[in-house]
Amino acid sequence: MQERRVDSGYRKAASPADDVPARQTGRQAVVPGGDAGGHAGGLGAAGQSTSSPARMRYFWAVLTVLIAFATRWALVPVLDDRSPYIIFVLAVLASALFLGRKPAILAAGLSIAVGLPFLLANRASSSVMFTQTAMFAVVCAGVIYLAKRLADKGALAEQNRAVAVAEAARRRIVDEEMHLLLNGVEHYAIFLLNADGSIRNWNRSAERVYGWSADEIVGKPLSVLRQNDGGNGEVGTSAQLEQARRGSFRSDVWQLRKDGSEFLATVTLSPLTDPSGVVRGFAKMIYDNTEERASRQALEKREQLLTSILATVPAAMIVIDDRGVIASFSAAAERLFGYPEAEMIGKNVNLLMPDPDRQRHDSYIRRYLETGEAHIIGIGRIVSGRRADGSTFPMKLSIGETASGDQHLFTGFIQDLTEQREFEARLEQTKAELLHVSRISAMGTMASTLAHEINQPLTAIAAYGEAIADLLSGEAEPDREVLASAFVDMSQQAIRAGAIVQRMREFVGRGEAARSIEDLPALINEASVLALLGTRERGILPQFFYAADATPVFVDRVQIQQVLVNLMRNAIEAMEGSPVRNLSVSTGLLDEDTVQIIVADTGAGLDPAIRGRLFDAFATTKSNGMGLGLSICRTIVEAHEGRIFARDAQGGGTEFVFTLKKPRLPRDEE
Amino acid sequence: MDMIATIAVRKRILLVEDDAAIRRALQLLLTGEGYDVRSYARATGLSCDPEALSADFLIADLILPDGDAFELLEKLRAAGWPGAAVLISGYLTPERVRSALRAGFVRVLAKPFRDTELARAIVELLRP
């Protein structure tokens, strides 16, 4: 039914009628036209005709008949019995047009009844009377029918009008919204081009972006919106339109404003084709993205700078996430470990560790994340790394913690200590060589003394030998006791020589640089064997004072004996020409784990010229010395965690003092 | 980026350079540094244009298709423009530099210059 379609149309329309329920709307639309009652009954849902207006209509219908009756009655003198019903047609017509079908039928019936007197006043034949009545009835029927048709048409026209109004309203809203869209946005503009590329329409957004007003720009070619300097390789306007014709064109293009200034925009040209496929025009959409492009460029520049800086960082750098998975592996790391970055990303970093760290690393990370205790993060440690070829090497590892977005990351910087270790090892070796060489050299300076000292026992042995030979080759029976004591003396001399040789061998031996627990008095006694060679004749009086608690010490035996020999011989030389020549070596306990040894002489004292530089290398007042002795003593003593210094002795002479460590009792290592 | 947020306090630079490649590169560079840039290929009409006159700085190429930077600066000053001006050129001689400084250009940069040189020059102009 047409009415129902109109209903749904009404509901969608934006017209004010929207708020009114459909039924009343229909009535509102139709009443000015005509037959309201019947349509109200037919519209929408069933049974909405209210009874009182309908009753009113019947009342009006009756009233029109009565009016007609009165009129006809008034006209009796004029009309007599002619045209009895004609006036009633008006009543029926009025009822049909204004009151509805049923009231009209009532009016018709009532008219026939009420008009009878006029009819009968005639005394015409019954056939005439009947014909007149019948004709009146037919006319009424026709009038009622036509009135209804008229009303229907009117209603239909009204509905169409209402639909058109609603449609127009809707379109207006859409237009307004489109208008707002096209004119309100900033930085965007959409407008239409003709098929030849000239500008077809314009709006305020486009005006804001380009500066041109609609009057100025509509009809002009598209190229007006661009700089006409060839564009450095940008696609020309006609080429853009060509591309758009074939599909669409989209690119960043520099645009020109009315005032001559430029901006960069993303331009999209879309073809508008009609159903037959002919391109009727184009839609041009632009977005001013100068800022975006500028900031992207600036960002890229910064990123490049950062990347190139990181690439030149000499330390190997590895970034891992909180599961130990490698996220980044620098060029230096590639060289150090022997894996390319592409291979390492995604693998667990424990691949680069030897056992046991390899198995434990995941738990190290977990422990840190749970407890927050740093064992290496922010502290740095020396650990072992494992190269691709399986070899391990020492490395210094520093780890920092960082977060990026929601990711927990750890950055590790690795310093390869292999070279450093090798260097240190070589250095140690060189030092040991130096000490060794100086020992040999010390022996060298004592060569004549040594020779003399060894020669004496040998001479004595020779003498004894000759004496024994004489005794045995003589006539007399040799006295057994005399022989025995001669042999005993001989072997003692041999032992004496042997001891000196033994001492010497030990002294100049390279020796393993090993420390051991030594009895200090024994150590000093052995050293003094060499140191005091040849001093008996010179009248030097050696004295040894050993404190009972100043022993044992944890030292490199040969090296400390080197120090003692050096100090004692220096002391002996210092006393050359002195009236009193007392050499004393004493030990004492300085504190719980430190022992102090003093080598004192009664010589001339320290030369003021050299006092400050006593322990420096190459510092000497001797004409034939390199001056290395005391500097080497200092090196040895300090390597033993001790101190060495010199001071004037009370009553004249010099004291050289140095300290050594007692062995530490074993306790739990951390 | 926060640049949009600071739009209210951005300094405006008037850039006049007829070489499109240089002009566009400078526009993007200076926009990326946070300035509001109006770039033009020629000087015509700038001294009457309120957009141009609202600029804080001028960067102009010495030789322009419709005149030169000196004329432009003169016209801008005549229109009451108080901003600081920088001259750029690939054909600088000591004499030209002197006349530029006399004419009121605060800095003179010889092309080609590094991005950082220009950026620094502007920053120095910002200092009171």
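Only this structure's heavy atoms are used, side chains among them; waters, hydrogens and symmetry mates stay out. Order of the sequence lines fixes the chain letters, A, B, ..., with proteins taken first and strands second; residue numbering starts at 1 for each chain.
- Residues A:Ala294 and B:Gly32 approach most closely at CB-N, 3.4 Å, considering heavy atoms.
- Shown here is A:Glu303, whose CD atom has no more than 12 heavy atoms of other residues, nucleotides or ligands within 6.0 Å.
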Between A:Trp254 and B:Gln27, is the side-chain contact (heavy atoms from CB on, under 4.5 Å) condition met? List the steps. CA-CA 11 Å; A:Trp254 285 89; B:Gln27 179 172 3; 3.0 Å; yes
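- Open room surrounds CZ on A:Arg204; 12 or fewer heavy atoms of other groups in view lie less than 6.0 Å from it.
- Taking 4.5 Å as the limit, some side-chain heavy atom of B:Arg38 sits within range of a side-chain heavy atom of A:Arg257.
- At a 4.5 Å heavy-atom cutoff, B:Asp36 makes no contact with chain A through either its backbone or its side chain.
- Heavy-atom contacts from other residues, nucleotides or ligands closer than 6.0 Å to CZ of A:Arg250 number 12 or fewer.
- For the atom pair A:Lys301 NZ and B:Leu29 CG, the distance stands at 5.0 Å (nearest 0.5 Å).
- The structure places CD of A:Glu291 at 10.5 Å from CG of B:Leu28, a figure rounded to the nearest 0.5 Å.
- A heavy-atom distance below 4.5 Å is not found between the side chains of B:Arg24 and A:Arg293.
- Taking a 6.0 Å sphere around CZ of B:Arg114, one finds it holds 12 or fewer heavy atoms contributed by other residues, nucleotides or ligands.
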